[in-house]
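Reviewing the structure listed below.
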Amino acid sequence: MKKLILSLFVFSLALAISAEDGHQLWLRYQPNPEPAKVQLSLWYDGCGTVAPSPTIELAMKELQQYWHGSPITMEADCGPMHWKKGDDGFTIEHKADGGLLLKAHGRDIGLLYGAYHLLRLQQTGQPVNPCEEHPAFSLRLLNHWDNLDGSIERGYAGESIFEWFHLDEQLIKEYARANASIGINGSVLNNVNASPKMLTTPYLKEVKKIADLLRPYNIKVYLSINFATPMALKETKTADPLDKNVARWWKKKAKEIYKLIPDFGGFLVKANSEGQPGPGDFGRTHADGANMLADALKPYNGIVMWRCFVYGANHKGEDRVKQAVSEFKPLDGKFRDNVILQTKNGPLDFQPREPYSPIFDQITKTPNMVELQITQEYLGQSRHLVYLAPMWQEFFAFVPAQQLKGIAGVANIGLDRNWCGHHFSQANWYAFGRLAWNPHLLSLDIAKEWLAQTFSTDRKFIDDMTIWMETSREACVNYMMPLGLHHIFKFDHHYGPEPDGFKASYPLEWCPVYYHKADKDGVGFDRSSKGTDAVNQYREHLARTYDNIETCPEELLLWFHHVPWTHRMKDGSTLWESLQYHYNSGVIWTESLQNDWHYKMRHFIDEQRWREVDERLQHQVENAREWRDVCLKYFGQFAEKQ
């Protein structure tokens with residue numbers, strides 16, 4: 001009996017040891033029993049003997065603990081004051097003695113990024129070839145929509161990791177390490193719907209603690225600000241950006257921030273949108289507001305990222321997707337040189353599919369950066385397996401990376417043990433970082449990288465799951481809003497279908513019926529030259545293509561046109577038949593994925609993560625069926641009268 005109990009105990013212990021909860025993300029490195037041979041060569045430029053920087057020490061530690069290959073020599077300058085001008089890149093070369101040479105291009109962070117590159121190759125079983133790597137964007141930021149009370153707007157993975165006045169320093173270091181491993185170099189710590197309290201001294205002292213923890217990983221901190229902060233704190237009578245007292249207040253506040261955090265990155269601003277205060281409240285322009293803040297930050301090399309997501313009272317009756325261009329094009333060229341306009345990838349609001357925002361065509365004299373949403377607000381949240389890299393690649397096919405100053409991603413990170421709620425949602429955090437470094441990487445290759453590091457290097461597992469990940473976004477579009485349908489979600493929480501949604505107490509442009517306009521004659525929003533003329537905000541050849549119902553891509557057909565139910569699609573089916581086909585194919589996809597995972601993937605990974613993913617996939621099937629059934633029933637009442 002004792003032997004049986006002992007055997008059961010040993011078996012249970014083995015299970016506990018082998019179980020994984022996802023907290024390690026894609027950083028499941030196996031320690032080297034003997035420290036790897038890593039040598040540092042500092043270039044002494046007359047600066048005497050110095051210790052390696054904290055960043056270099058991190059790079060050496062990572063390689064010493066986890067590198068299993070050839071000896072590595074790292075070359076770097078002797079200290080921060082002596083770095084040559086350069087970027088965050090690195091070079092890897094083969095040495096004649098069989099070792100490797102890792103060189104920074106000009107800053108010590110290149111060594112840490114190079115170290116993670118080597119460990120990525122090791123984890124995925126790829127050869128170490130000579131290479132030279134440079135990031136495509138100088139700004140590679142996460143935008144956290146975290147509130148001071150710990151809640152997260154559009155967060156689906158628990159509460160905020162930034163627990164003000166009770167900071168978990170170890171957790172923040174783990175967060176920093178994960179970001180550095182994929183090249184992310186900035187973090188906006190709080191919600192764009194910002195509390196004025198964020199800029200009070202007690203909170204700024206907490207921000208300093210976070211900045212100190214992130215700094216060795218080359219991650220700057222930024223803050224979202226409430227434009228009316230000085231007035232809300234009752235320290236000025238107005239927030240008018242042309243008021244001298246207001247400008248003086250912001251300059252004083254900037255001085256306080258930079259005294260605490262010398263490398264503070266700057267401000268992110270949501271103004272005059274969805275009820276947030278802004279310069280428009282005082283009869284001023286976005287340029288007036290942004291420039292006042294930019295002047296306060298300029299002495300410290302800080303930047304202002306001014307969001308172009310604006311719509312509402314100033315544009316009554318205007319198509320919502322046109323409002324950003326209407327607002328900002330007249331101001332192009334009127335912003336200070338340390339102002340960057342930050343625009344969502346699409347003109348509406350992170351929909352499963354929408355065309356790219358035409359503001360990237362219209363704004364040419366002011367730096368732009370793109371805002372992507374990693375958290376899946378409109379794509380099943382953390383309950384659905386939807387890999388977003390194919391969607392982001394769709395954007396970069398229209399907006400070349402060289403047109404952009406930077407890239408920001410609305411983070412999907414929370415206090416859940418696996419960070420992201422759904423184990424496969426981690427892939428979107430990872431893919432964002434990889435594309436922020438190199439937007440020319442293929443989404444398929446990124447998926448394979450992530451799967452090999454996160455779950456298993458088994459070739460069949462990787463090949464099968466890569467196919468599912470690559471097709472997941474298109475499947476989501478199919479079972480939610482195919483052929484250009486958009487924004488027919490339930491009010492407020494944006495989960496589940498509500499095509500009949502209308503509330504008189506809401507602005508019409510928040511209501512699903514505003515966007516699909518289904519009636520006996522057809523369905524879809526007419527943005528052609530005969531409708532709202534949104535097509536003509538795009539570059540000329542695309543405007544012509546989108547304007548013609550016969551040449552408009554079918555995946556955007558109902559975005560740009562109100563189409564008769566009997567309209568013949570390219571495959572010969574009617575529009576109504578095509579909608580039915582897409583909804584049903586989306587559901588079949590989810591059922592097939594769930595079946596494949598349940599019966600074929602279990603032996604590839606640990607029990608805990610297999611089970612947790614399996615439960616999420618079961619729910620995804622149920623929700624996809626709900627989308628299909630609700631939408632086809634609703635639209636059918638119009639279509640089947642034909």
Side-chain angles (χ1 to χ4, degrees), residues 346 351-355 378-380 384-388 390-391 394 467-490 495-501 512-513 515-527 545-546 548-596 617-642:
Q351 297 299 288
R353 170 168 281 125
E354 54 183 302
Y378 295 102
L379 291 104
H384 292 205
L385 189 163
V386 182
Y387 176 52
L388 302 181
M391 178 173 70
E394 212 172 84
I467 292 172
W468 287 117
M469 289 175 68
E470 276 289 286
T471 55
S472 61
R473 182 279 185 121
E474 198 64 37
C476 179
V477 171
N478 282 339
Y479 64 70
M480 285 187 178
M481 291 171 292
L483 301 178
L485 285 172
H486 50 286
H487 222 310
I488 56 176
F489 298 89
K490 290 184 178 178
Y495 189 79
E498 195 171 40
D500 61 342
V513 295
Y515 292 101
H516 63 68
K517 301 189 184 301
D519 56 24
K520 63 182 178 59
D521 297 320
V523 62
F525 199 118
D526 187 358
R527 296 190 170 100
T545 300
Y546 294 151
N548 187 334
I549 195 172
E550 299 301 330
T551 59
C552 183
E554 288 188 344
E555 64 267 22
L556 294 173
L557 187 62
L558 304 183
W559 181 282
F560 286 111
H561 296 275
H562 191 75
V563 182
W565 298 106
T566 55
H567 171 80
R568 288 291 169 184
M569 308 294 283
K570 290 183 175 65
D571 64 2
S573 65
T574 66
L575 172 65
W576 174 231
E577 290 168 343
S578 187
L579 276 175
Q580 293 176 80
Y581 169 80
H582 280 85
Y583 273 111
N584 279 299
S585 66
V587 170
I588 291 169
W589 183 93
T590 62
E591 293 169 341
S592 300
L593 168 60
Q594 199 278 324
N595 184 73
D596 235 25
L617 292 179
Q618 291 176 37
H619 181 84
Q620 185 170 353
V621 170
E622 295 168 3
N623 193 242
R625 290 170 178 165
E626 179 188 1
W627 271 95
R628 176 196 61 189
D629 296 345
V630 169
C631 291
L632 291 183
K633 181 180 179 181
Y634 177 81
F635 292 124
Q637 68 182 321
F638 304 106
E640 292 172 359
K641 291 180 180 179
Q642 300 300 309

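These numbers come from a predicted model, not from an experiment. Only this structure's heavy atoms are used, side chains among them; waters, hydrogens and symmetry mates stay out.
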Go through the steps for Asn623 and Thr590 under the test side-chain contact (heavy atoms from CB on, under 4.5 Å), then give the verdict. CA-CA 10 Å; Asn623 193 242; Thr590 62; over 6 Å; no

Checking side-chain contact (heavy atoms from CB on, under 4.5 Å) for the pair Trp468/Ser592: CA distance, chi angles, key distance, verdict? CA-CA 10 Å; Trp468 287 117; Ser592 300; 3.5 Å; yes

Pair Met569, Thr574 - check side-chain contact (heavy atoms from CB on, under 4.5 Å), show working. CA-CA 6 Å; Met569 308 294 283; Thr574 66; over 6 Å; no

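A distance of 10.5 Å separates SG in Cys631 from CD in Glu498, rounded to the nearest 0.5 Å. In this structure, CG on Leu379 lies 7.5 Å from CE on Met481, to the nearest 0.5 angstrom. Note that CD of Gln620 and SG of Cys476 are 7.5 Å apart. Values are rounded to the nearest 0.5 Å. Arg473 CZ to Leu385 CG: the interatomic distance, rounded to the nearest 0.5 Å, is 14.5 Å. Here Tyr387 contributes atom OH and Glu470 contributes atom CD; the two are 6.0 Å apart, rounded to the nearest 0.5 Å. Summarising the geometry, atom CD belonging to Glu554 is positioned 7.0 Å from atom CG belonging to Leu483; distances are rounded to the nearest 0.5 Å.
The shortest heavy-atom contact between Tyr479 and Val587 is CB-N, 4.1 Å. For the pair Leu579 and Trp565, the tightest heavy-atom approach, listed with the atom from each and the gap, is CD1-CZ3, 3.9 Å. Annotation for Ser585 and Asn478: closest pair OG-ND2, 3.6 Å, computed over non-hydrogen atoms. Residues Met391 and Pro352 share a closest heavy-atom pair of SD-O, 3.6 Å. Heavy-atom minimum distance, Leu632 versus Trp576: O-CH2, 3.5 Å. Ile488 and Pro512 get closest at one heavy-atom pair: CA-CB, 3.7 Å.
Partners of Tyr583 according to the ring pair (Phe, Tyr, Trp, His ring centres under 6.0 Å) rule, which considers only residues two or more places apart in sequence or in another chain, do not exist here. Remark: His486 pairs with Arg527 by the side chain to side chain donor-acceptor pair (under 3.5 Å) rule, at least two apart or across chains. For Glu622, the salt bridge (charged side-chain N to carboxylate O under 4.0 Å, His left out) criterion is met by no residue, not counting sequence neighbours. Residues satisfying the salt bridge (charged side-chain N to carboxylate O under 4.0 Å, His left out) test with Arg353, not counting sequence neighbours, are Glu394, Glu474. Partners of Glu626 under the salt bridge (charged side-chain N to carboxylate O under 4.0 Å, His left out) rule, at least two apart in sequence or in another chain, are Lys490. Evaluation of the side chain to side chain donor-acceptor pair (under 3.5 Å) rule for Gln637 yields no partner, not counting sequence neighbours. Every residue two or more places apart in sequence or in another chain was checked for a salt bridge (charged side-chain N to carboxylate O under 4.0 Å, His left out) with Asp629, and none qualifies. In this structure Lys517 satisfies the side-chain contact (heavy atoms from CB on, under 4.5 Å) test together with Tyr514, Phe525, His562, sequence neighbours excluded. Qualifying ring pair (Phe, Tyr, Trp, His ring centres under 6.0 Å) partners for His487, counting only residues two or more places apart in sequence or in other chains: Tyr378, His494, Tyr515. Applying the side chain to side chain donor-acceptor pair (under 3.5 Å) test to Gln351 and every residue at least two apart in sequence or in another chain returns nothing. Applying the side-chain contact (heavy atoms from CB on, under 4.5 Å) rule to Asp521 yields the partners Asp519; only residues at least two apart in sequence or on another chain are considered. By the side chain to side chain donor-acceptor pair (under 3.5 Å) test, His567 is found to be paired with no residue, residues two or more places apart in sequence or in another chain being considered.
Contact check for Tyr581 versus Pro482: no side-chain heavy atoms found under the 4.5 Å cut-off. The closest side-chain heavy-atom distance from Asp500 to Val630 is not below 4.5 Å. The closest side-chain heavy-atom distance from His384 to Met480 is below 4.5 Å. Between Leu575 and Thr566, the closest side-chain pair of non-hydrogen atoms is not below 4.5 Å. Looking at heavy atoms from C-beta onward, Leu617 lies in side-chain contact with Leu593 at the 4.5 angstrom threshold. Tyr634 places a side-chain heavy atom less than 4.5 Å from the side chain of His516.
Using a distance-only test at 3.5 Å, with no hydrogens or angles considered, no donor-acceptor pair links the side chain of Thr545 to the main chain of Cys552. Using a distance-only test at 3.5 Å, with no hydrogens or angles considered, no donor-acceptor pair links the side chain of Asn595 to the main chain of Glu591.
Taking a 6.0 Å sphere around NZ of Lys570, one finds it holds more than 12 heavy atoms contributed by other residues, nucleotides or ligands.
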